[in-house]
There are 2 protein chains.
Amino acid sequence: MVKTVSTQMLSSEELGQRLDEHGILPTQQRLQLADVLFSAHRHLSADQVLSEATARGYSVSKATVYNTLGLFARKGLIREVIVDPNRVFYDPNTGPHHHFYNLDTGELIDLDPERLSIDSLPPLPAGTVAEGVDVIIRVRNQ
Amino acid sequence: MVKTVSTQMLSSEELGQRLDEHGILPTQQRLQLADVLFSAHRHLSADQVLSEATARGYSVSKATVYNTLGLFARKGLIREVIVDPNRVFYDPNTGPHHHFYNLDTGELIDLDPERLSIDSLPPLPAGTVAEGVDVIIRVRNQ
DNA sequence: GTCAGTGCAAACCCTTTGCAGAAAG
DNA sequence: CTTTCTGCAAAGGGTTTGCACTGAC
């Protein structure tokens, strides 16, 4: 069973089910924020999520955006991407893949997983277990 | 030139030369901060650099630490490592290598470059050039 | 003397928190 | 009705900035 992640707008039932699957109570604001995150197949910062939500006429506060994004990330619904000391990006794609980060535009772009994958991890420091691997290719224009 | 009682591993002449090579005017504070950075083979945050400098009896202000670390990084003397949204780490090793980041301890550990290297970059987004590649393996204790 | 570097405190910006009111079950 | 969520504003914490002072050449 191959499930492809669609980039089109998801119905609120689908969104609600997705929240349920991750143990997240689907309130109105959470559904709206999930809608923003999953319909844009882009990487958004908290601020951008708030702007986008506001632009769509959703009524959400800044605190709720931050709290909700943190919750979604903790529950595994989305992934935090740390590439810029000034802001955290949120990636609706939780599958294994890496990123280009454009230092000039601040844009974060998915890297085709087939193009670069770390297949064998090196020995980890004693007493630790791997939690995740991030590869960031920093690029500049021209 | 008066020698101060310190634990520095590089002579101030060596440090001064290193700053010169990177086009950095070697002032007293810059030499002291370079001393802290290069004698500790660790990854330090700005705050840790300040603490360490103070502990050694160096007289540097917080603003100068931040300005100087930024300058060193811009000039290629040290490398910024972005792994934690709450602080930037500075790595005196500018050679190609990657990192383990311990989420429990906040510790950043060098990964032996022979253990993991990205030898062929995937095609970059159109109109961009690679600036650097960061691989972060996030680990937890136990 | 001139220009760059430094120190201090205040400003900044993103993010988190405290708490009262609203909503979900 | 009880518990959880939301919104507002204020606090928090790392980093940057404005400006006067100091130091290097």
Side-chain angles (χ1 to χ4, degrees), chain A residues 12-13 15-17 19-20 22-36 43-54 57-75 77-78 80-90 106 108, chain B residues 1-2 4 12-13 15-16 19-20 22-37 43-54 57-75 77-78 80-90 101 106 108:
Chain A
S12 50
E13 300 86 65
L15 285 172
Q17 185 184 334
L19 296 197
D20 280 335
H22 289 269
I24 300 168
L25 191 67
T27 66
Q28 181 175 308
Q29 282 83 349
R30 288 173 182 177
L31 285 167
Q32 292 179 335
L33 292 177
D35 184 23
V36 169
H43 305 79
L44 301 173
S45 66
D47 215 51
Q48 291 171 326
V49 171
L50 177 57
S51 301
E52 181 71 26
T54 304
Y58 296 158
S59 167
V60 203
S61 72
K62 182 185 276 199
T64 297
V65 169
Y66 278 97
N67 290 336
T68 301
L69 290 175
L71 176 70
F72 284 3
R74 234 176 6 262
K75 296 291 192 174
L77 185 67
I78 59 179
E80 278 186 344
V81 185
I82 316 290
V83 285
D84 186 321
N86 297 311
R87 57 212 202 282
V88 175
F89 285 99
Y90 292 92
L108 192 61
Chain B
M1 182 151 288
V2 179
T4 54
S12 50
E13 299 87 66
L15 286 172
L19 296 198
D20 279 335
H22 289 269
I24 300 168
L25 191 67
T27 66
Q28 181 175 305
Q29 281 84 349
R30 289 174 182 176
L31 285 167
Q32 292 178 336
L33 293 176
D35 184 24
V36 169
L37 287 163
H43 305 79
L44 301 173
S45 66
D47 215 50
Q48 292 170 325
V49 170
L50 177 56
S51 302
E52 181 72 25
T54 304
Y58 295 159
S59 168
V60 202
S61 73
K62 184 184 274 199
T64 297
V65 169
Y66 278 97
N67 290 336
T68 301
L69 290 175
L71 175 71
F72 284 3
R74 231 173 13 258
K75 296 289 192 174
L77 186 66
I78 59 178
E80 277 186 345
V81 186
I82 315 291
V83 285
D84 185 321
N86 297 312
R87 56 211 204 283
V88 175
F89 285 99
Y90 292 91
Y101 183 56
L108 191 61

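From a predicted model like this one, the values you see are computed outputs, not experimental measurements. In what follows, chains are A, B, ... by sequence order, proteins preceding strands, each numbered from 1.
- At a threshold of 4.5 Å between non-hydrogen side-chain atoms, the residues A/Arg87 and A/Asp47 do not count as touching.
- Rounded to an integer number of Å, the gap from A/Asp20 CG to C/dG25 P is 9 Å.
- Atoms CG (B/Leu31) and P (D/dG23) sit 16 Å apart, rounded to a whole Å.
- No side-chain donor from either of B/Thr54 and B/Ser51 sits under 3.5 Å from a side-chain acceptor of the other.
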Between the protein and nucleotides 12-15 of chain D, which nitrogen or oxygen pairs come in under 3.5 angstrom?
| unit_1 | atom_1 | unit_2 | atom_2 | d |
| --- | --- | --- | --- | --- |
| D/dG14 | O3' | B/Asn86 | O | 3.3 |
| D/dT15 | OP1 | B/Val88 | N | 3.0 |
| D/dT15 | OP2 | B/Tyr66 | OH | 2.6 |

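- Considering only the side chain of B/Leu25, C/dA4 comes nearest among D/dG7, C/dG7, C/dA4.
- For B/Gln29, a side-chain nitrogen or oxygen approaches OP1 or OP2 of C/dG7 to under 4.0 Å.
- With rounding to whole Å, A/Ile24 atom CD1 is found 11 Å from D/dT6 atom P.
- Each of A/Arg30 and B/Ala63 lies near DNA chain D, and the nucleotide nearest A/Arg30 is the one positioned closer to the 5' end.
- The shortest side-chain heavy-atom distance between A/Leu69 and A/Leu33 does not fall under the 4.5 Å cut-off.
- Distances were taken from every side-chain heavy atom of A/Val60 (C-beta onward) to each of D/dG7, C/dT6, C/dT17; the shortest belongs to D/dG7.
- Computed from coordinates, the B/Arg74 CZ to C/dG5 P distance equals 10 Å when rounded to whole Å.
- For B/Leu71 and C/dA4, the CG to C1' distance is 12 Å, given to the nearest whole Å.
- C/dG7 atom C1' lies 13 Å from atom CG of B/Leu33, rounded to whole Å.
- Taking 4.0 angstrom as the limit, A/Thr27 places a side-chain polar atom (N or O) nearer than this to OP1 or OP2 of D/dT6.
- In this structure, B/Leu44 and B/Phe89 have side chains that are not in contact, with every pair of non-hydrogen atoms separated by 4.5 Å or more.
- B/Leu50 places its CG atom 11 Å from the P atom of C/dC8, with the value rounded to the nearest Å.
- Contact annotation: the side chain of A/Val36 approaches that of A/Tyr58 to within less than 4.5 Å [non-hydrogen atoms, C-beta and beyond].
- In this structure, A/Thr64 does not reach the D/dT6 phosphate: none of its side-chain N or O atoms is under 4.0 Å from OP1 or OP2.
- Regarding A/Asp84, its CG atom lies at a distance of 15 Å from the P atom of C/dC13, rounded to whole Å.
- Side-chain atoms of B/Gln48 and B/Tyr90, non-hydrogen and from C-beta on, never get closer than 4.5 Å to each other.
- Minimum heavy-atom separation, B/Val88 to A/Pro85: CG2-CB, 3.7 Å.
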